[in-house]
Visitor: 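Below is the structure I would like to discuss, written out as structure tokens.
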Amino acid sequence: MKRSELVSRILITVAVIGAVGAPLFFWSQSSLMHARVAESGGWNPNIIRADVGAPLHLRLTSDDVVHGFAVGQMNMDGVDVLPGKVTDLTLTFDKPGTYTFYCTRWCGLNHWRMRGTIEVGGSNTDAEPAPAPLYVSLGLDIDAPHEAPAIPSQMPSAFRGESLIRGLAISQFINSDFYRVHSPYETFENLDQYPLGESQRWDVVAYIWQSNTTLESLANGKKLYAQNCAACHGENGAGNGVFADDLLPSPNSGGGGDEVRSMIQTPANFTDPKRILGASPALLQGKILRGGMGTGMPMWGSIFTEGQIWDLIAFIYSFQFEYQN
Ligand code: HEC
Ligand SMILES: [Cu+2]
């Protein structure tokens with residue numbers, strides 16, 4: 001499904017209205033929806049019902065800090081939800097289903113727990129079941145270790161790679177069917193049929209990875225990463241974001257002593273070549289969609305469109321490769 005079609009599934013109008021006092025009077029036919037940091041209860045209400053095609057009016061205010069509101073799977077920019085103000089938002093859904101809404105401002109450590117659902121009822125005329133994610137159809141165990149057995153001695157460069165491929169037939173590596181199901185390390189192995197040294201093969205891998213994405217996708221991934229991932233995984237991908245040290249294991253991950261605890265809490269370091277060069281896009285997609293792993297890694301499947309997740313993955317690999325721009 002193209003992104004423009006996804007966007008057209010929802011119609012949005014927004015207005016921010018001054019002080020809560022007087023305007024309340026005008027809008028009193030529908031009640032306010034309150035936002036609070038997750039520790040104080042998150043959204044109230046956090047389940048909303050609506051009907052297909054019928055405008056849903058939401059009146060949002062915050063009881064504490066600045067929050068944001070957006071509906072997942074819509075490629076929608078968040079609208080601010082301010083203390084002492086009312087944000088008036090009208091949403092119209094043209095497909096039934098369960099939608100996730102979420103906070104878009106880093107309001108605190110548990111920011112990403114500020115989520116709720118909109119149940120949109122109506123007859124499901126053109127229902128097409130969602131296809132299984134790639135990791136499921138591939139039967140990939142995304143929790144198995146995926147360390148690359150060998151890593152490059154310097155950062156692979158797409159620029160050097162491009163100068164090496166003249167006369168080599170590598171077009172079979174440059175399409176999404178290949179890219180999505182192979183790790184950079186597997187691609188490095190596949191390249192051993194060519195007359196190239198090891199670091200040259202890694203440079204060609206960098207070239208192949210860059211050729212399987214676009215500057216637009218990388219830029220969009222970078223933006224989404226800064227908004228949604230950097231607070232844990234770090235601006236520079238090193239797993240050292242401002243919240244990284246404060247993450248708690250999820251309640252059901254049990255004890256396990258300090259060593260296990262620090263292992264399961266630490267956000268993945270995307271600058272670690274062993275880790276990322278050993279992971280295929282399908283594996284990273286599975287982890288992003290599903291989240292969990294008994295850690296603080298949120299699940300993002302209900303938040304991002306498929307295209308947005310591929311953009312994030314393209315950006316994650318850019319911590320491993322020197323790309324040309
Ligand atoms: C609240 C903190 C937090 C946020 C926010 C977060 N992550 Fe994570 N993430 C983690 C933790 C902790 C892990 C380690 C879990 C593991 O690897 O088992 C992790 C692991 C991952 C992995 C697995 C890497 C691997 O090698 O297996 C990927 C991919 C990932 N995160 C992507 C993202 C993306 C993309 C975003 C933003 C959309 C994001 N994360 C936001 C905490 C976070
Ligand atoms: Cu918030």
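For ligands, and for the atoms within them, numbers begin at 1 and follow the listed sequence. Computed from heavy atoms alone, side chains included, the values below leave out hydrogens, waters and symmetry copies. All values derive from a computational prediction rather than experimental measurement.
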Visitor: S176: which residues meet the side chain to side chain contact (heavy atoms under 4.5 Å, CB included) condition with it, sequence neighbours left out?
Guide: R180
Visitor: Have a look at ligand 1 and work out which part of P298, if any, has a heavy atom under 4.0 Å from it: side chain, backbone, both or neither.
Guide: side chain
Visitor: Hey, what do you get for NE2 (H233) to CG (N228), rounding to the nearest 0.5 Å?
Guide: 11.0 Å
Visitor: Mind checking whether R275 has an N or O less than 3.5 Å away from an N or O of ligand 1?
Guide: yes
Visitor: Check the pair L224 / Q227 against side chain to side chain contact (heavy atoms under 4.5 Å, CB included), numbers first and verdict last.
Guide: CA-CA 5 Å; L224 292 169; Q227 284 166 359; 4.3 Å; yes
Visitor: Under the ring pair (Phe, Tyr, Trp, His ring centres under 6.0 Å) criterion, do W202 and F188 qualify, and how do the steps go?
Guide: CA-CA 6 Å; W202 279 115; F188 167 80; 4.4 Å; yes
Visitor: Out of Y317, F315, F304, which residue meets the ring-ring contact (aromatic ring centres under 6.0 Å, His included) rule with Y225?
Guide: F315
Visitor: Cut-off 3.5 Å, side chains only: do T305 and Q73 have a donor facing an acceptor?
Guide: no
Visitor: Check the side chains of D311 and S217 for a donor-acceptor pair under 3.5 angstrom, ignoring hydrogens and angles.
Guide: yes
Visitor: Please verify the inter-ring angle class for F101 with W43; under 30° counts as parallel, over 60° as perpendicular, anything in between as tilted.
Guide: perpendicular
Visitor: Can you sort out which atoms of ligand 1 are near F304, meaning under 4.0 Å from one of its heavy atoms?
Guide: 38 (C)
Visitor: Just heavy atoms, cut-off under 4.0 Å: does M297 contact ligand 1 by side chain, backbone, both, or neither?
Guide: both
Visitor: Record the part of W112 in heavy-atom contact with ligand 1 below 4.0 Å; permitted values are side chain, backbone, both and neither.
Guide: side chain
Visitor: Is it true that H111 lies under 4.0 Å from ligand 1, counting heavy atoms only?
Guide: no
Visitor: Pull out every atom of ligand 1 sitting under 4.0 Å from any heavy atom of I288, numbered as shown with elements.
Guide: 29 (C), 32 (C), 35 (C)
Visitor: Which atoms of the protein, restricted to N, O or S, are nearer than 2.8 Å to the Cu ion (ligand 2)?
Guide: H67 ND1, C103 SG, C107 SG, M114 SD
Visitor: Does ligand 1 have an atom that lies less than 4.0 angstrom from a heavy atom of Y225?
Guide: no
Visitor: In terms of atom number and element, which parts of ligand 1 are under 4.0 angstrom from non-hydrogen atoms of L284?
Guide: 29 (C)
Visitor: Between I303 and W112, is any pair of side-chain heavy atoms under 4.5 Å apart?
Guide: no
Visitor: As a check for students: among K287, Q227, M299, identify the option with a heavy atom nearest to atom 23 (C) of ligand 1.
Guide: K287
Visitor: Does any non-hydrogen side-chain atom of Y323 lie less than 4.5 Å from one of L218?
Guide: yes
Visitor: Could you check whether any side-chain heavy atom of H67 comes within less than 4.5 Å of a side-chain heavy atom of V37, counting everything from C-beta outward?
Guide: yes
Visitor: Does W106 come within less than 4.0 angstrom of ligand 1, counting non-hydrogen atoms of the residue?
Guide: yes
Visitor: In the structure I gave you, are the side-chain heavy atoms of S157 and D203 within less than 4.5 Å of one another anywhere?
Guide: yes
Visitor: Just so I know, are the side chains of L58 and I48 near enough to count as touching, which here means a heavy-atom distance under 4.5 Å?
Guide: yes
Visitor: Counting heavy atoms only, name the option from G286, A144, A231, C232 that's nearest to atom 1 (C) of ligand 1.
Guide: C232
Visitor: Give the atom name of whichever N/O/S atom in H233 sits closest to atom 8 (Fe) of ligand 1.
Guide: NE2
Visitor: Return a yes/no value for T266: is any of its N or O atoms, backbone included, closer than 3.5 angstrom to an N or O of ligand 1?
Guide: no
Visitor: Which option wins on minimum heavy-atom distance to atom 34 (C) of ligand 1: P145, C229, G241?
Guide: C229
